[in-house]
Amino acid sequence: MRDYNPHAVERKWQHRWADRRAFEVTEDPARPKFYSLVMFAYPSGHAHVGHVRNYMIGDVVARMKRMRGYNVLHPFGWDAFGLPAENAAIQNKTHPEKWTRDNIAHMKDQLQRLGISYAWERELATCDREYYKWNQWLFLKMYERGLAYRKRSAVNWCPSCQTVLANEQVNDGRCWRCETEVETRDLEQWFLRITQYADELLDQTADLNEWPDKVLTMQRNWIGRSDGALVSFALVDADGEATTDGIEVFTTRIDTIFGATFVLLAPEHPLVDRFIVESPESDAFRTRVGQFRALDRTARLTGQIEKEGFDTGRRAVNPFTGESVAIWVANFVLAEYGTGAIMAVPAHDQRDFEFARKYGLPVRVVIQPPDAVPLHGDTLDAASADPGRVVDSGEFTDLESAEARAVMTRDAESRGCGRGQVQYRLKDWGISRQRYWGTPIPIIYCDACGPQPVPVDALPVELPTIDEFTGRGDSPLAQVPEFVNTTCPSCGGNARRETDTMDTFVDSSWYFYRYCDPHNDTAPFDVDKVKYWGPIDFYSGGVEHAILHLIYSRFFCKVLRDLGLVEHDEPFTRLLTQGMVLRHGAVMSKSRGNVVDPDEMTTTFGADALRLYEMFVAPPEKEIEWTDAGLEGSARFLGRVWRMVMPLADVVARGDTPPLDTLDLGSAERALRRKTHDTIRRVSEDLDPRRVHLNTAVSALMELVNDLYAYCEGARIGPFTPDVEAPAAGAGPASLAVVCEAIEALVLMLSPFTPHLAEELWESMGHADGVDAAGWPTFDAAVARAEELVLPVQVNGKVRARVTIAPDTSDEDLRKMALSQPQVQAHTTGKRVSRVVVVPRKLVSIVVK
RNA sequence: GCCGGAGUGGCGAAAUUGGCAGACGCGCUGGAUUCAAAAUCCAGUGAGGUUCACGCCUCGUGUCGGUUCGAGUCCGACCUCCGGCACCA
């Protein structure tokens with residue numbers, strides 16, 4: 001018997017798969033389809049074992065589905081635009097494209113040596129002009145529909161990356177990529193109107209029942225819907241008379257409005273500028289406001305500052321009480337949420353409470369929570385935010401909070417001073433980036449005609465080649481006159497191109513549709529092809545994309561649906577968020593120097609051992625700390641499989657063992673068959689895309705191998721025959737038949753995990769057509785059924801004995817057997833048996849007193 | 001502060017509906033094989049007690065309490081860790 005040489009085996013099968021184009025697919029309406037996808041890769045330079053883990057999860061599912069007869073689409077590609085390439089260019093004086101293409105070549109080579117079943121002919125890179133052309137096309141479609149628009153606004157600016165960031169890309173006031181503190185800039189920017197889909201994005205999270213709850217919760221929080229009301233407080237003029245001008249506030253607690261004893265404005269609120277002008281002490285007022293506006297942005301957004309404010313000297317009328325109340329400016333009121341103005345109800349909102357106490361403003365209780373001592377504004381030491389019974393509120397007194405909100409909103413509406421309103425935390429998606437290595441935004445500015453879309457037949461707007469990257473100044477594209485200067489598509493006069501590029505999250509929001517038709521040069525993809533392959537049945541990737549990528553992709557899906565390009569509402573049916581692979585407690589990265597290169601692992605142990613180990617070490621969702629220790633164990637297991645199967649491969653290949661149902665099997669043989677079929681059941685269940693318990697599937701296969709060794713040792717066959725040349729010597733046909741059945745099932749079930757080894761063994765067993773042709777092994781419930789059961793017998797909750805029974809033993813017989821066990825008697829004698837619980841097929845529980 | 005998730009041997013973990021806690025693997029210990037080692041095969045391995053021995057007993061899934069014949073699993077309170085959101089009105 002030849003020894004197991006993983007490298008030779010792996011090379012052989014990788015070449016064969018490539019030669020046979022084994023994983024390339026076309027649409028086939030006669031077969032059920034399965035679209036297995038892993039998040040595509042950023043070509044950072046080198047794949048590490050963390051990437052490998054994710055790609056393996058997708059590959060195991062894809063390979064299993066292929067064996068089950070599905071037409072499986074399993075593509076791969078590159079999220080190739082982005083800042084690191086440009087930064088590398090600045091540092092190393094290379095071109096971002098060269099850096100990117102070199103990295104792709106290297107990483108592709110690494111991945112190919114892992115034997116992943118990708119349809120490489122569908123490979124795409126988002127920096128391909130054939131790809132980003134359709135980014136531009138989709139942008140123009142959105143522009144036509146008013147979903148892409150331009151506005152001047154305060155945006156997040158990372159001084160280190162020299163670019164704008166979306167809200168989603170700012171964490172704790174810092175850049176998601178480089179952790180530099182983010183500044184605010186006022187810029188003209190392009191936005192995608194994701195808020196138009198806010199409700200749908202929120203509501204349809206309810207349909208995503210194969211997504212982790214964690215991700216759905218994060219998305220719901222991110223969208224942040226709150227139902228409330230807009231209420232207008234009329235401004236009071238210098239004579240104390242109400243005017244027709246008003247301050248609109250947003251509140252979710254209109255039921256507390258009788259307790260609204262003042263109004264607060266954000267420092268940036270437009271009325272503040274008017275008040276400055278109208279103030280008798282304009283200069284002092286302006287200085288005051290300036291101080292608030294200059295407050296550190298990060299501190300303000302994270303609530304790390306003391307609540308402060310000042311009286312504007314102006315007043316407004318509470319439309320419910322008719323009282324005139326003070327208008328203050330407060331540093332904690334956010335200009336970008338709601339209307340930038342709030343009604344302050346100190347008795348029932350903690351922030352307002354603190355503010356009121358600090359400045360001695362009135363606190364008035366208007367809600368009495370049930371089961372609480374009667375509250376009083378003068379004695380409160382904290383706001384009471386709980387709902388309850390409305391008090392001291394005129395005609396609304398005695399309503400419950402929830403009802404009061406509805407009634408009072410209707411009342412405001414009827415009097416023309418308010419209406420129901422839904423607010424979202426979600427903001428429109430700013431996509432302009434002042435960088436080079438991305439998709440040019442296909443817009444031309446003409447002094448005469450204004451912004452003009454680039455005509456579709458002029459797409460793509462190609463990225464010009466730039467020789468030098470300095471990282472200084474504005475958009476690099478602005479420094480290329482031949483790019484900037486163009487003619488207006490409308491009037492033909494001189495015009496300038498937009499020089500910003502798109503956020504790369506645009507690229508990754510629809511790439512999974514392009515895979516369905518990657519070489520189409522007349523459309524982003526053929527509608528019928530996406531109709532066949534979509535939606536994605538299984539999608540796996542890092543949980544760090546739970547909000548950004550996954551919410552943007554859901555948004556794009558809905559836009560594409562409304563454009564008539566896709567039919568489904570949601571792009572990803574099942575989502576698996578894979579746990580990260582850490583090294584020394586940190587995510588692997590080149591800069592940290594803690595990267596574990598899969599090449600080293602495959603050189604030492606083989607790709608199959610690496611694959612198996614990463615699937616076995618922990619559940620896919622769980623974060624793991626990388627150690628080499630267990631990898632050796634996986635390599636050992638594969639050797640064990642080889643030494644079990646190889647000696648008997650010829651026996652299988654000869655195919656002269658009699659059919660199992662014609663044989664009279666002994667109890668050891670029946671037990672092995674039972675194990676075989678029970679393993680088929682367990683592994684099949686664990687590999688179900690809704691489950692994907694890959695670690696327990698592997699351990700089930702290990703158990704089967706252990707049982708095979710034990711059986712073969714007893715039967716003196718296979719690895720236990722003294723004569724290697726005659727591994728089946730002395731074995732009866734029954735022994736051989738059950739062992740052959742077991743090893744065939746074993747090899748087939750192992751193949752999604754360790755495809756090279758499995759194909760090699762399968763071929764050695766005389767099968768020329770590969771494991772896909774063989775299909776997934778069939779589970780036979782009758783064979784797997786236990787012949788006898790061993791049930792525990794508990795006395796007062798402690799196991800005191802076990803009884804072995806036939807599965808069809810009656811409850812009464814079981815009860816008698818249990819009570820007659822000597823160990824049970826020892827604990828029941830002299831006591832009264834008060835109760836006997838018989839749980840069929842589970843246990844017997846006896847209660848004594 | 002709010003919303004999720006988790007806490008099980010020396011380690012990674014398992015336990016699908018409330019039913020024998022610790023499957024499987026790593027590590028360790030012992031045995032076989034070997035001149036020897038590696039590799040391989042076999043056996044043992046939660047803690048403590050007890051027995052010449054087969055065994056038997058007690059404790060044990062973050063802490064405290066509860067429900068139940070029976071709780072890692074359900075309920076209540078708390079502790080710790082991880083993730084998300086956070087002055088969002």
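Computed over heavy atoms, backbone and side chain alike; hydrogens, waters and symmetry mates excluded.
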Name all residues meeting the salt bridge (charged side-chain N to carboxylate O under 4.0 Å, His left out) criterion together with [X]; count only those two or more places apart in sequence or in a different chain, and write none if there are none.
| X | result |
| --- | --- |
| Arg785(A) | none |
| Asp349(A) | Arg351(A) |
| Arg682(A) | Glu703(A) |
| Arg554(A) | Glu570(A) |

Tested for side-chain contact (heavy atoms from CB on, under 4.5 Å) against Met749(A), the lone hit among Val698(A), Leu687(A), Thr679(A) is Thr679(A)
Given the 90°-from-0 boundary between syn and anti, rG9(B) should be labelled syn
Would you indicate what [X] reaches in the nucleic acid, counting non-hydrogen atoms under 4.0 angstrom: base, sugar-phosphate, or nothing?
| X | result |
| --- | --- |
| Pro619(A) | sugar-phosphate |
| Asn695(A) | sugar-phosphate |
| Phe637(A) | nothing |
| Val790(A) | base |
| Gly338(A) | nothing |

Which nucleotide wins on minimum distance to the side chain of [X], given the candidates [options]?
| X | options | answer |
| --- | --- | --- |
| Trp222(A) | rA89(B), rC85(B), rC24(B) | rC85(B) |
| Thr217(A) | rC3(B), rA89(B), rC85(B) | rC3(B) |
| Ile547(A) | rG25(B), rG84(B), rC42(B) | rG84(B) |
| Lys307(A) | rA89(B), rC87(B), rG19(B) | rC87(B) |

Residue set satisfying side-chain contact (heavy atoms from CB on, under 4.5 Å) with Arg636(A), at least two apart, ordered chain then number -> Glu632(A)
Taken in chain and number order and not counting sequence neighbours, the residues that satisfy side-chain contact (heavy atoms from CB on, under 4.5 Å) with Glu788(A) are Thr804(A)
Residues in residues 828-841 of chain A with a heavy atom under 4.0 Å of RNA chain B, by number, are Arg835(A), Val837(A), Val839(A)
Tabulate atom names and distances for all N/O pairs under 3.5 angstrom spanning the protein and nucleotides 16-18 of chain B.
residue	atom	partner	partner atom	Å
rU16(B)	N3	Glu685(A)	OE1	3.2
rU16(B)	O4	Glu685(A)	OE1	2.9

For [N], does either OP1 or OP2 sit under 4.0 Å from a side-chain N or O belonging to [X]?
| X | N | value |
| --- | --- | --- |
| Arg643(A) | rC41(B) | yes |
| Tyr709(A) | rC41(B) | yes |
| Arg636(A) | rC26(B) | yes |
| Asn706(A) | rA23(B) | no |
| Arg640(A) | rC42(B) | yes |
| Ser226(A) | rA89(B) | yes |

When rounded to whole Å, the CZ to C1' distance for the pair Arg716(A) and rC42(B) reads 12 Å
Parallel, tilted or perpendicular: which describes the rings of [X] and [Y], with under 30° parallel and over 60° perpendicular?
| X | Y | answer |
| --- | --- | --- |
| His549(A) | His545(A) | perpendicular |
| Trp328(A) | Phe355(A) | perpendicular |
| Phe310(A) | Phe292(A) | tilted |

query = Would you find more than 12 non-hydrogen atoms of other residues, nucleotides or ligands less than 6.0 Å from Lys842(A) atom NZ?
reply = no
Original post:
Salt bridge between Lys307(A) and Glu354(A), side-chain N to carboxylate O under 4.0 Å?
Top reply: yes
Q) Would you call Arg681(A) and Asp678(A) a salt bridge, using N to O less than 4.0 angstrom? A) yes
TODO: State whether a side-chain donor-acceptor pair under 3.5 Å links Gln291(A) with Arg293(A).
DONE: no
- Task: Tell me yes or no: between the side chains of Thr205(A) and Arg220(A), is some donor less than 3.5 Å from an acceptor?
- Result: yes
Stems field, RNA chain B, Watson-Crick or wobble, 3.5 Å, at least 3 pairs, by first number, holds B:1-7 with B:79-85, B:10-12 with B:24-26, B:27-32 with B:40-45, B:46-50 with B:55-59, B:62-66 with B:74-78
All N/O contacts under 3.5 Å from nucleotides 5-9 of chain B to the protein, with atom names and distances to one decimal?
none

| message | Ring of Tyr709(A), cation from Arg640(A) - is the NZ or CZ under 6.0 Å from the centre and inside 45° of the axis? | response | yes
Show each protein N/O and nucleotides 54-58 of chain B N/O combination with a separation under 3.5 Å, one pair to a line.
residue	atom	partner	partner atom	Å
rC57(B)	OP1	Arg800(A)	NH1	2.9
rU58(B)	OP1	Arg800(A)	NH2	3.3
rU58(B)	OP2	Arg800(A)	NH1	3.3

Can you list, pair by pair, the side-chain donor-acceptor contacts under 3.5 Å of residues 208-216 of chain A, counting residues two or more places apart and other chains?
residue	atom	partner	partner atom	Å
Trp211(A)	NE1	Phe572(A)	O	2.8

RNA chain B nearest-nucleotide lookup for Arg253(A) and Ala618(A): closer to the 5′ end is Ala618(A)
Per nearest nucleotide of RNA chain B, the residue lying toward the 5' end, Ser634(A) or Ile342(A), is Ser634(A)
